[in-house]
Amino acid sequence: KVSKMTPHQIEAATAIGWPAQHEANIAGWRVFSGLGLVGRVNSCWPLDFESSNIVSAIEQVEAYYRNKGLAPQFKVIANGACSIELTAHLKVLGYHVKNRTAVMASRQPLSPPCHKVIITPTVTPDFSAFMIASSPCVRDGQERSDILHRVPNPSAFGSICVDGAVAAIGLAMFTGSSAGIGAMRTAHEHRHKGYARSILRAVSAGARAA
């Protein structure tokens, strides 16, 4: 029986599957940075602490981001993966919660897709262009496109085409003994047709086969 992944293991796999442009180590914390738009690759992941001075470590992280012209952010993970002391210090310093993300895991095989899904081991120009076009702004889309070109090779990039044009995309990033799901996008005019479900099933099957 395969044991459940711990929050720490999930975060470590996520860092492999959704790689940042730059990474630094501050007091054992993993500090990621890029263009500043995508939170996961522009924040400090305080998973392991190798210092006794948490205030100094926070100040070093803040200096790192400000030197790059970015706002300092911390990706705080619940269930014991991050220090409760850190959360308290950040609150005192005026930090606030920007986004909350629920992480779900499964080891069960999914049903076959109901639509034809094209799977490629690396990102394609059409996949990248769709990601940019479906992002809130060009710079955000460009950062996400850059990340896709750094995703572990091979992985499972899935897309559904309608009348020769991409209608939906999704990705399973191979990270060793696990795979992360990301880049799930569907064109507005093609929503509520089950395309995302089919892509999720197809890329998950690709990950399981790998």
Using the rule that two of Ile, Leu, Val, Met, Phe, Trp, Tyr join whenever any of their side-chain heavy atoms come within less than 4.5 Å, decide whether I77 and V41 are in one cluster.
no
CE (M5) and CD (E11) are apart, to the nearest 0.5 Å, by 9.5 Å
One should read off an interatomic distance between L148 CG and M173 CE, to the nearest 0.5 angstrom, of 9.0 Å
Residues V123 and F157: closest non-hydrogen pair is N-CE1, 3.4 Å
Do I181 and F174 sit in the same hydrophobic cluster, where Ile, Leu, Val, Met, Phe, Trp and Tyr count as joined when their side-chain heavy atoms come under 4.5 Å apart? no
Minimal heavy-atom distance between D48 and W29, with the atoms involved, is O-CD1, 3.1 Å
*asked:* As a quick check of understanding, evaluate side-chain contact (heavy atoms from CB on, under 4.5 Å) for V31 and N25, giving each step before the final call.
replied: CA-CA 6 Å; V31 186; N25 184 301; over 6 Å; no
* Asked: Counting only N and O atoms by type, is there a donor-acceptor contact under 3.5 Å from the side chain of W18 to the main-chain atoms of G182?
  -> no
Test side chain to side chain donor-acceptor pair (under 3.5 Å), reference N42, set K75, Q73, E143, Q21, output is E143
Query raised in the report: Quick one: do V55 and F74 end up in the same hydrophobic cluster if we chain Ile, Leu, Val, Met, Phe, Trp and Tyr together by side-chain heavy atoms under 4.5 Å apart?
Result: yes
In this structure, CD of Q9 is separated from OG of S177 (nearest 0.5 Å) by 7.5 Å
Residues pairing under side chain to side chain donor-acceptor pair (under 3.5 Å) where one sits in residues 197-210, two or more places apart or in two chains, turn out to be H115-S198
(Q) Determine whether a donor-acceptor pair (N or O, by modelled atom type, separation under 3.5 Å) exists between the side chain of S135 and the backbone of V138. (A) no
When rounded to the nearest 0.5 Å, the distance separating OG of S128 from CG of D146 is 8.0 Å
ask   = For the hydrophobic clusters of this structure (ILVMFWY residues joined by side-chain heavy atoms under 4.5 Å, transitively), does one cluster hold both V166 and I118?
value = no
In this structure, CD of E23 is separated from CD1 of I26 (nearest 0.5 Å) by 11.0 Å
Tightest non-hydrogen contact, residues A167 and F130, listed as O-CZ, 3.6 Å
The reported gap from CE in M184 to CD1 in I169 (rounded to nearest 0.5 angstrom) is 9.0 Å
- Query: For S155 and L171, what are the C-alpha separation, side-chain angles and deciding distance, and is it a side-chain contact (heavy atoms from CB on, under 4.5 Å)?
  - Reply: CA-CA 8 Å; S155 284; L171 164 67; 4.1 Å; yes
Here the pair of heavy atoms bringing G158 nearest to F127 is O-CE1, 3.4 Å
Q.
Taking S33's backbone N and O only, do any of them form a donor-acceptor pair with Y65's side chain (distance below 3.5 Å, no angle check)?
A. no
**Item:** Criterion side-chain contact (heavy atoms from CB on, under 4.5 Å) on L86 and I58, from CA distance to verdict
**Value:** CA-CA 9 Å; L86 170 62; I58 293 173; 3.8 Å; yes
### Task
Decide yes or no on salt bridge (Lys or Arg N to Asp or Glu O under 4.0 Å) for R144 and D140, but give the supporting numbers first.
CA-CA 6 Å; R144 293 179 189 277; D140 178 277; 2.8 Å; yes
message: I'd like to know if the side chain of R30 reaches the main chain of W45, judged simply by a donor and an acceptor atom lying under 3.5 Å from each other, with no hydrogens or angles considered.
response: no
For S159 and I199, the nearest pair of non-hydrogen atoms, with its separation, is CA-CD1, 4.2 Å
Problem set entry | S134 side chain vs R185 backbone, donor-acceptor pair below 3.5 Å | no
Heavy-atom closest pair (A172 atom, A207 atom, distance to 0.1 Å) is CB-CB, 4.2 Å
Could you tell me whether R139 atom CZ has more than 12 heavy atoms of other residues or ligands within 6.0 Å of it?
-> no
Exercise. According to a 4.5 Å side-chain heavy-atom criterion applied to Ile, Leu, Val, Met, Phe, Trp and Tyr, with indirect links allowed, do F49 and L93 form part of one hydrophobic cluster?
Worked result: yes
| task | Report the C-alpha separation of I119 and V203 in whole Å, then their side-chain angles, then the decisive distance to 0.1 Å, and conclude whether the side-chain contact (heavy atoms from CB on, under 4.5 Å) test is met. | result | CA-CA 7 Å; I119 300 290; V203 298; 3.9 Å; yes
Can you find a pair of side-chain heavy atoms, one from L70 and one from L35, that are under 4.5 Å apart?
no
For H190, the side chain to side chain donor-acceptor pair (under 3.5 Å) test, sequence neighbours excluded, returns K193
